Protein chains: 2
Amino acid sequence: MSRGDARDRLIQAAIDLIWTSSYGAVSVDAICERAQVRKGSFYHFFASKDDLVVAALDTHWSSRRPVLDDVFSASRAPLERLQRYFTHIGERQGEVRGQYGRVLGCFHHAVGSECVQRPTAVAAKAQEISLALRRYIESAVRDAQAEGALPSGDPVAAAKGLFAYVTGALAQARVHDDLELLRQLPQTAWLALGMAGPPKPGA
Amino acid sequence: MSRGDARDRLIQAAIDLIWTSSYGAVSVDAICERAQVRKGSFYHFFASKDDLVVAALDTHWSSRRPVLDDVFSASRAPLERLQRYFTHIGERQGEVRGQYGRVLGCFHHAVGSECVQRPTAVAAKAQEISLALRRYIESAVRDAQAEGALPSGDPVAAAKGLFAYVTGALAQARVHDDLELLRQLPQTAWLALGMAGPPKPGA
DNA sequence: CTCGAACTTGACTAAACAGTCATCTCCCAC
DNA sequence: GTGGGAGATGACTGTTTAGTCAAGTTCGAG
């Protein structure tokens, strides 16, 4: 067994198992078995199951952030950032299906909507990530409005609407294990912003 | 204790507890306690926890169906049906918040996306209900296209897109316990169909 | 070499879990 | 009135759960 990376293996096992099923259906024992780590070591690294899940959400989000930083790079025009984001979602979920055997949607969204009632650290972390993600969209919308590429209006409300559409499509894709809706996002997501379709390159 | 309605109390307790938290977080014992029914009686009425949850999904859906039949009544113009649906969602979730203390979104959607991995009877039932609901939208879209109130195109794809937007808004409303997005649905949901806003009454 | 900190191990607990069962109670058809 | 079926009851089983712990092992710094 490789040494030193038991903590990482536990986090990865938690991501894999929880993403493919659910928070409530995955036990500490199951995580330990998949990570090939003994129970005692688990509690050496993490104070509780919740503690691990918070770390898993963090780790997963950290791995997505550089990708989003590229997709939403300010070196591109605002509408191009959004277009790249819509394309990225379908591609990414295609990878996920290749890796996990099915479309899984948004990791933190699945965890967040499951742990909604009691305000645990897990729920708080999932909400935090959800807001951070929405801010990428918000920023692109604001920039687009500033340069007149989008009609002016409340950028927060516009981002909320677009975000709802995107996460809704991801959730539907998960439930029906179907990439179709996501593959069409580059055309259809613009509707949520009040645009008929993707912006013309020459605009 | 009232007689005869133990079965109904169990179903209602299951709906209440699972909707407000999650499928995985609710135990048979907890359901029994809330319903004031002993463990033995539970298994007199239901073969398993899953069996109860399927019945709970069925019961809940049965209680929504007549409301949807009214909202989507063919006696109204297709676009008016949709407009009433969008309005209905916000009103309904307002009632839910009054009753349960928080916005809960879609019952069967929450259960469905949690039980997605292993194809259980619960997952199948949740999917079945999800499709049945989408068919209401699909039918209204088809009728609207037939009478030229909507541009013609694939009604199934259009309904899928609109459904993704609506369920996405419901999921966001659940996660953030916020009705705002739902209250704006009567204005914004039309975007998902490629329309700028609600249809003019005189059209 | 040696000490201590980081890490590992497996056996352990107490509670919660889904599900079982024999027995009891009620009430209605006959 | 009585036999039988529907329903109620609580004690029970075996398993799984999260979490604990004392006794290890490993390994680099001094």
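This structure is a prediction, so every number in the text was calculated from the model and none was measured. Reminder, nothing fancy here: chain letters follow the sequence lines and each chain counts from 1.
- The phosphate of C:dC17 (OP1 or OP2) has a side-chain N or O of B:S27 nearer than 4.0 angstrom.
- Per the geometry, CG belonging to B:D29 stands 14 Å off C1' belonging to C:dT20, to the nearest Å.
- Salt bridge status for B:E128 with B:K125: present, with a side-chain N to carboxylate O gap under 4.0 Å.
- Distance CZ (B:F42) to C1' (C:dC21): 16 Å, rounded to an integer number of Å.
- Judged by a 6.0 Å distance limit and a 45° cone about the ring axis, A:K49 is positioned over the six-membered ring of A:Y23.
- A straight line from OH of B:Y43 to P of C:dC17 spans 11 Å, rounded to a whole angstrom.
- Salt bridge absent: A:D16 and A:R9 never bring a charged side-chain N and a carboxylate O closer than 4.0 Å.
- In terms of position along DNA chain D, the nucleotide closest to A:A30 lies nearer the 5' end than the nucleotide closest to the other residue of the pair A:A30 and A:A47.
- Contact check on A:R142 versus A:E138 returns a salt bridge, with a Lys/Arg side-chain nitrogen under 4.0 Å from an Asp/Glu carboxylate oxygen.
- Computed from coordinates, the B:I31 CD1 to C:dA16 P distance equals 16 Å when rounded to whole Å.
- At least one donor-acceptor pair closer than 3.5 Å links the side chain of A:R76 to the backbone N or O of A:D70.
- By the 30° and 60° cut-offs, the orientation of the rings of B:W61 relative to B:H108 is perpendicular.
- Remark: C1' of D:dA8 and CZ of B:F46 are 15 Å apart, rounded to the nearest angstrom.
- Regarding B:D50, its CG atom lies at a distance of 16 Å from the P atom of C:dC17, rounded to whole Å.
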Could you run down the sub-3.5 Å N/O contacts of the protein with nucleotides 10-13 of chain D?
from, atom 1, to, atom 2, distance (Å)
D:dG10, O6, B:G40, N, 3.4

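- Side-chain nitrogen and oxygen atoms of B:H44 include none within less than 4.0 Å of the OP1 or OP2 phosphate oxygen of D:dA8.
- Side-chain contact between A:Q172 and A:E180 is absent, with no heavy atoms from C-beta onward closer than 4.5 Å.
- For B:R9 and D:dG7, the CZ to P distance is 13 Å, given to the nearest whole Å.
- Between the P atom of C:dA16 and the NZ atom of B:K49 lies a distance of 15 Å, rounded to the nearest Å.
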